Amino acid sequence: MADSEFDLIVIGAGPGGYVAAIRAAQLGMKVACVEKEAALGGTCLRIGCIPSKALLEASAHFHEAAHSLGRFGVKVGSVELDLPAMLQHKDNVVKANTKGIDGLFKKAKIARYLGHGRLAGNGKVTVEGGGSAAETLSGKNILIATGSKVAMLPDVKVDGKTVGTSTEAIAYTEVPGHLVVIGAGAIGLELGSVWSRLGAKVTVLEFLDRILPGMDAEISAEAQRILAKQGLEFRLGTRVKSVKVEGGGSKAPAGALVECDGTEPIRCDKVLVAVGRVPNTENLGLEALGIKTDTRGRIPVDEKYATTVPGVYAIGDVIPGVMLAHKAEEEGVACVEGLAGKYGHVNYNAIPNVVYTHPEIASVGKTEEELKADGVAFKKGSFPFLANGRARAMAQTEGRVKVLADASTDRILGVHIIGPRAGELIAEAVVAMEFGASSEDIARTSHAHPTLVEALKEAALGVDGRSIHI
Ligand code: NAD
C-alpha cells in the first residue's frame, strides 16, 4: 500500500473520531486521521467537556474554601481568587489530555494529517489548509466524525468579547460583574455555575418553561430549586430577541443590553450564548457525492453508520441522536468493528447523560414523561440523599435517586439522579440496564456501607415499597 493509501480515513479527531481511529488500528487497519486543529481531541478535549470540568472542580474548591469549610471545623483565613492560576490549571489539564491523544496515535501508528478534510469521491479525501501543500489520500473506507459547532441566534452577534460562546466563557480573564446566560441546557448551567461560584451575578434566560429539557421533569425542577438557592437567577419562558453591545470606548467598559420577550431588558457585562449545537457538515464535499443532510443538517446513516455512498460512514454529532462525547465513542467503535467483520452495536437506551453542576445531575433510560407518553405502565422508587449516611458526612444531602421499573416485568426502564457524584453513581444503573436488570436485582445486591450509591439500592427497594432507611 502506498504511503497515502489507507484502509480507513477518519475525518475529525474528537472523541468519536480518535477513538474509532485507535480501535481500527487495534483491529489491524492502516488508519489516517485528518484534523484541522493542531491539538487532537476535538471540541470536548480542547474547548468543551474537559476544560469546563477543570473549571468546575477549581471553582467548587474556591467556593467551598470561601463559604463552607467552617461546618467541618476547618477554619481558613481570607480566601482569595487567583484567576490566572485557575485558568492555568485548566490549560494544563487540556494540554495533558490532548498530548495524551498524540501519544496514543503514535503508539497505534495512526497517520495524522493536519488540515481540513473533504470527500473528493472514489474513496479520496483531500487535506488542505494545514500549512503544507494540499494532499489527496485514498481510503477503502472513510469515516466522517466532524462533530458540531455552537448554534447561533439570528439577532445575536457573537463578537468573542462581550458576547461569546462556551469557548470564551472558559477563558474570561476577569470575573464578570453580571453574566447573562442564554439557554438553560448543560452548557449554560455548568458555566453559569462556574462564574457564579467565582462571584458573578448570573441570570439564565430560557425559552421553555423549564430548565434542562429532555431530563426527567421532577429532577429538572429540583435542579432549578437547588441552583436558584446557590444564586443563579432563572427567567423561564423568555425568548432572547436581540443583544446590543454598548460602551467599550474610553468612557465606559463594554457591556450588553439583552432584549427579550417575556421579561425586561437586561444590562450586563457578558453574554454567554448556549442554545445548543449544530452539526459540522459544511464544506465536506457531501453534496458533490450526493449525500443529503436532513433538515437539521445531520447525515442520515443506517444501523452500520453507512451513508448513502458506499464506503462512507458517519458517527457522533453529525448524525441524529444526542450530542454526547461517549455516544460518539460507542458509535465509532461499533462502526469500525463492523468494518472489520465483527458485530458492533450501540444500546441507545443505555447512554448516560450527566450535567456537572453541584450537585451533579445524571440520567439513563426513559424519563417519567416519556413512559407516560408511550403508555408504558411503570413503578417508581425514590430515595433522598438526606437519608444517606455518607451524604450527611459529606454535608451534601440535597437531591435524590429515582428508579423507574416496568410495572409487570420489573425491568429497569430509567434511573434519574440529582445529588453528590451523580455522574459516577449513574454508571451502576447503566451497567444494570445493559444487563437487562430488574429493580429487584439492584435491591438484592450488596452495596458497601457507607456509600452514596446505597441511595440507588434504597430507591430500587422503594420500587416495591420496601426502602429500609425512610
Ligand atoms: P441544549 O440544547 O442542551 O440547551 C439549550 C437551551 O437553550 C434549551 O433549553 C433551549 O430551550 C434554550 N434556548 C434556545 N433558544 C433560546 C432563546 N432564543 N432564548 C432563550 N433560550 C433559548 O444546548 P447546550 O447547553 O448549548 O449544549 C449543547 C450540546 O452539548 C447539547 O447536546 C449537550 O447535551 C452537549 N453538552 C453536554 C454536556 C454534558 O454532558 N455535561 C455539557 C455541555 C454540552
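Keep in mind the model is a prediction, meaning the values are calculated, not measured. Counting starts at 1 for both ligands and their atoms, in listed order.
We find that Asp406 and Arg411 are not joined by a salt bridge, their nearest charged nitrogen and carboxylate oxygen being 4.0 Å or further apart. Electrostatic pairing of Glu218 and Lys380 counts as a salt bridge here, judged by a charged N lying under 4.0 Å from a carboxylate O. For Glu454 and Arg390, the salt-bridge test fails: no basic side-chain N is under 4.0 Å from an acidic carboxylate O. Taking the charged nitrogens against the carboxylate oxygens, Lys270 and Glu168 have no contact shorter than 4.0 Å, which rules out a salt bridge.
In this comparison of Pro154, Ser166, Ser148, Gly183, the heavy atom closest to atom 7 (O) of ligand 1 sits on Gly183. Here the shortest heavy-atom distance to atom 5 (C) of ligand 1, taken over Gly188, Ala274, Ala184, belongs to Ala274. Summarising the contacts of atom 39 (C) of ligand 1 with Thr357, Val355, Val354, the nearest heavy atom is found in Val354.
In summary, the atoms of ligand 1 found under 4.0 Å from a heavy atom of Phe207, numbered by their order in the structure, are 16 (C), 20 (C), 21 (N), 22 (C). Annotation for ligand 1: atoms under 4.0 Å from non-hydrogen atoms of Leu208 are 11 (O).
Nearest non-hydrogen protein atom to atom 19 (N) of ligand 1 is Val240 N, 3.3 Å. Of the protein's non-hydrogen atoms, the one nearest atom 30 (O) of ligand 1 is Arg277 CD, 3.6 Å. Among protein heavy atoms, the minimum distance from atom 31 (C) of ligand 1 is reached at Met323 O, 4.4 Å. The nearest heavy-atom contact from the protein to atom 26 (O) of ligand 1 is Gly276 N, 3.0 Å. Nearest to atom 18 (N) of ligand 1 among the protein's heavy atoms is Leu153 CD2, 3.4 Å. For atom 13 (N) of ligand 1, the nearest protein heavy atom (residue, atom name, distance) is Val275 CG1, 3.7 Å. Closest protein heavy atom to atom 4 (O) of ligand 1: Gly185 CA, 3.4 Å. Here the protein heavy atom with the shortest distance to atom 8 (C) of ligand 1 is Glu206 OE1, 3.4 Å.
Residue-level proximity to ligand 1 for Ile182 is carried by the side chain, the only part with a heavy atom below 4.0 angstrom. Contact annotation for Val322 and ligand 1: no heavy atom of the residue comes within less than 4.0 Å of the ligand.
In this structure, His67 and His63 have tilted ring planes: the angle between them lies in the 30° to 60° band. Aromatic ring orientation, Tyr172 versus Trp195: tilted (interplanar angle from 30° to 60°).
Using a 4.5 Å heavy-atom cutoff, the side chains of Ile351 and His326 are in contact. At least one side-chain heavy atom of Val333 sits less than 4.5 Å from a side-chain heavy atom of Val19.
For ligand 1, the polar-atom distance check against Ala186 finds a nitrogen or oxygen pair separated by under 3.5 Å. Close N/O approach between Ile187 and ligand 1 is found [any backbone or side-chain N/O within under 3.5 Å].
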